[in-house]
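Here's the structure we're looking at; comments come further down.
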Protein chains: 2
Amino acid sequence: MRISELSAASGVPIPTIKYYLREGMLPAGEQVSATRARYGEEHVRRLRLIRALLEVGRMPIASIGKVLTAIDDTSLSLHHVLGVAQYAIAPAVEPHASDEEWARARAEADAVIDALGWEVEPGAPARAELAQAVLTLGRLGMPADGEALRPYADAAMRLVTEHEIGTIPLGGSREAAVEAMVLGTVLHSRVLDIMRRLAHESVSARVFDGL
Amino acid sequence: MRISELSAASGVPIPTIKYYLREGMLPAGEQVSATRARYGEEHVRRLRLIRALLEVGRMPIASIGKVLTAIDDTSLSLHHVLGVAQYAIAPAVEPHASDEEWARARAEADAVIDALGWEVEPGAPARAELAQAVLTLGRLGMPADGEALRPYADAAMRLVTEHEIGTIPLGGSREAAVEAMVLGTVLHSRVLDIMRRLAHESVSARVFDGL
């Protein structure tokens with residue numbers, strides 16, 4: 001298809017498609033003349049992936065670029081690509097705490113992960129994020145030890161093992177598996193957060209109204 | 001305590017405290033002379049609340065101002081204040097879809113919420129967010145119907161009813177209850193998302209490495 005048809009099929013405006021081509025986020029089409037290129041289904045799929053990460057995942061364009069580069073590098077294992085995607089969506093953590101206070105929160109977060117028996121890299125940004133959450137909960141006098149965090153860990157692990165891993169097509173192409181995995185990480189994170197806020201509103205309507 | 005002591009107790013720099021005072025996010029101290037004011041425990045607590053919403057909740061400062069105004073307005077019910085906090089943390093949704101496609105996704109999202117029997121306002125921003133997630137999942141060929149979303153809804157509702165509602169001190173002051181509720185919404189949302197990414201990494205390490 002021509003670039004105008006690619007635009008119609010994907011819902012992405014032509015100037016945006018040209019930008020993704022220039023940035024190497026979308027592979028070049030097949031050149032059929034000096035001024036025209038032909039695009040295929042793989043281009044439609046890649047554009048949908050970019051839009052999903054952008055609009056639902058709310059990832060910055062530079063982070064999406066990094067994830068796409070990892071997806072396209074067939075020398076990387078699926079686990080490695082997932083790591084790149086996770087690190088790209090993790091927000092920067094700025095503790096605003098003394099070294100000592102921060103070290104205590106990090107140790108507490110690491111102890112929670114150890115007690116769960118989970119395999120998580122020492123440098124995983126989610127460890128620092130958990131430490132920041134532990135620090136903040138503690139400062140506010142809210143429980144933040146392993147017992148208080150356990151229900152969240154259990155709920156998260158149940159969703160990943162019972163629902164998400166099964167949706168990844170391991171029998172097909174590497175590209176399909178890797179795309180499903182990255183999308184699952186980003187989109188299901190959003191779905192879970194949205195559901196939690198909806199549940200909160202509903203429970204609040206019943207318990208708190210009038211209070 | 002003096003502003004320098006308030007800064008030391010809260011870990012918030014003096015110029016930032018002055019900014020919060022000017023913006024009305026922190027109530028004025030008790031004026032003890034023309035150039036000095038005295039601050040109390042309520043100021044320390046309010047500063048911790050602001051920092052928690054800022055650093056862990058990652059809320060923009062303008063949204064935090066709206067939430068604080070709602071907390072301070074004692075004419076509002078707890079349910080109403082929670083609504084303000086939820087609406088303040090909800091990101092803007094820009095569908096990038098035809099009217100028809102968007103209406104279909106909205107109807108699907110509303111049907112999912114109806115089927116759950118949840119009480120959610122028709123204008124709640126999380127409805128639009130869910131519609132966008134449904135739209136994106138559908139475009140990517142991933143399941144997005146009630147059955148696929150149910151595990152997320154169930155996990156979210158279980159956490160809210162079994163763990164979060166119980167942590168809100170309803171017997172004490174309105175201020176304590178409302179602060180706990182707002183913080184719970186924002187901080188536990190982060191905790192759950194962090195746990196989900198940690199669980200993903202751990203499962204991926206076991207299932208995908210080498211693939």
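Chain naming here is simple, since letters A, B, ... match the order of the sequence lines and numbering starts at 1 in each.
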Search all heavy atoms of B:Ala199 against all heavy atoms of A:Trp118 and return the closest pair with its distance.
-> N-CZ3, 3.5 Å
Could you check A:Met142 against B:Leu187 for side chain to side chain contact (heavy atoms under 4.5 Å, CB included), going step by step and ending with a plain yes or no?
-> CA-CA 10 Å; A:Met142 297 167 78; B:Leu187 300 186; 4.3 Å; yes
Parallel, tilted or perpendicular: which describes the rings of B:His163 and A:Tyr152, with under 30° parallel and over 60° perpendicular?
-> tilted
Using a cut-off of under 4.5 Å for heavy-atom pairs, which of B:Leu149, B:Leu198, B:Val12 has the most such pairs with chain A?
-> B:Leu198
What's the verdict on side chain to side chain contact (heavy atoms under 4.5 Å, CB included) for A:Glu119 and B:Val203, showing C-alpha distance, side-chain angles and the deciding distance?
-> CA-CA 8 Å; A:Glu119 267 182 53; B:Val203 170; over 6 Å; no
Chain A contact via B:Glu121 - which portion, at a heavy-atom distance below 4.5 Å = both
Considering only heavy atoms and a distance below 4.5 Å, find which of B:Met181, B:Glu55, B:Arg139 pairs most often with chain A.
-> B:Glu55
Which one of A:Thr136, A:Val120, A:Leu135, A:Leu82 has the most heavy-atom pairs closer than 4.5 Å to chain B?
-> A:Val120
Select, from B:Arg127, B:His188, B:Arg48, B:Glu179, the one with the greatest count of heavy-atom pairs under 4.5 Å involving chain A.
-> B:His188
How far apart are the C-alpha atoms of B:Leu137 and A:Val191, what are their side-chain angles, what is the distance that settles it, and do they pass the side chain to side chain contact (heavy atoms under 4.5 Å, CB included) test?
-> CA-CA 10 Å; B:Leu137 289 165; A:Val191 167; 4.2 Å; yes
Lys/Arg N to Asp/Glu carboxylate O, A:Arg196 vs B:Glu164, below 4.0 Å | yes
Return the option, out of A:Ala144, A:Ser202, A:Ala180, with the maximum number of heavy-atom pairs under 4.5 Å with chain B.
-> A:Ser202
Who wins among B:Asp154, B:Ile165, B:Thr161, B:Leu140 for the most heavy-atom pairs under 4.5 Å with chain A?
-> B:Leu140
For each of B:Met157, B:Glu162, B:Glu129, tally heavy-atom pairs with chain A at distances under 4.5 Å, and name the one with the top tally.
-> B:Glu129
Using non-hydrogen atoms only, which part of B:Val112 is less than 4.5 Å away from chain A: side chain, backbone, both, or neither?
-> side chain
Roughly how far, to the nearest 0.5 Å, is NE2 of A:His79 from NE2 of B:His200?
-> 12.0 Å
Pairs of heavy atoms under 4.5 Å with chain B: top-ranked of A:Val160, A:Val134, A:Leu116 | A:Val160
To the nearest 0.5 Å, how far apart are CG in A:Asp193 and CG in B:Leu192?
-> 7.5 Å
Any idea which of A:Gly117, A:Ala153, A:Ala177, A:Pro143 has the most non-hydrogen atom pairs under 4.5 angstrom with chain B?
-> A:Ala153
Out of A:Pro151, A:Gly83, A:Pro125, A:Ala155, which one racks up the most heavy-atom pairs below 4.5 Å with chain B?
-> A:Pro151
Under 4.5 Å from a heavy atom of chain A, the part of B:Leu130 involved = both
For B:Ile194 against A:Ala126, the heavy-atom pair lying closest together | CG2-O, 3.5 Å
Just by modelled atom types, is the B:Arg197 backbone N or O under 3.5 Å from a matching donor or acceptor in the A:Gln86 side chain?
-> yes
Portion of A:Arg190 that has a non-hydrogen atom of chain B nearer than 4.5 angstrom = side chain
Residues of residues 102-110 of chain A within contact distance of chain B, non-hydrogen under 4.5 Å = none
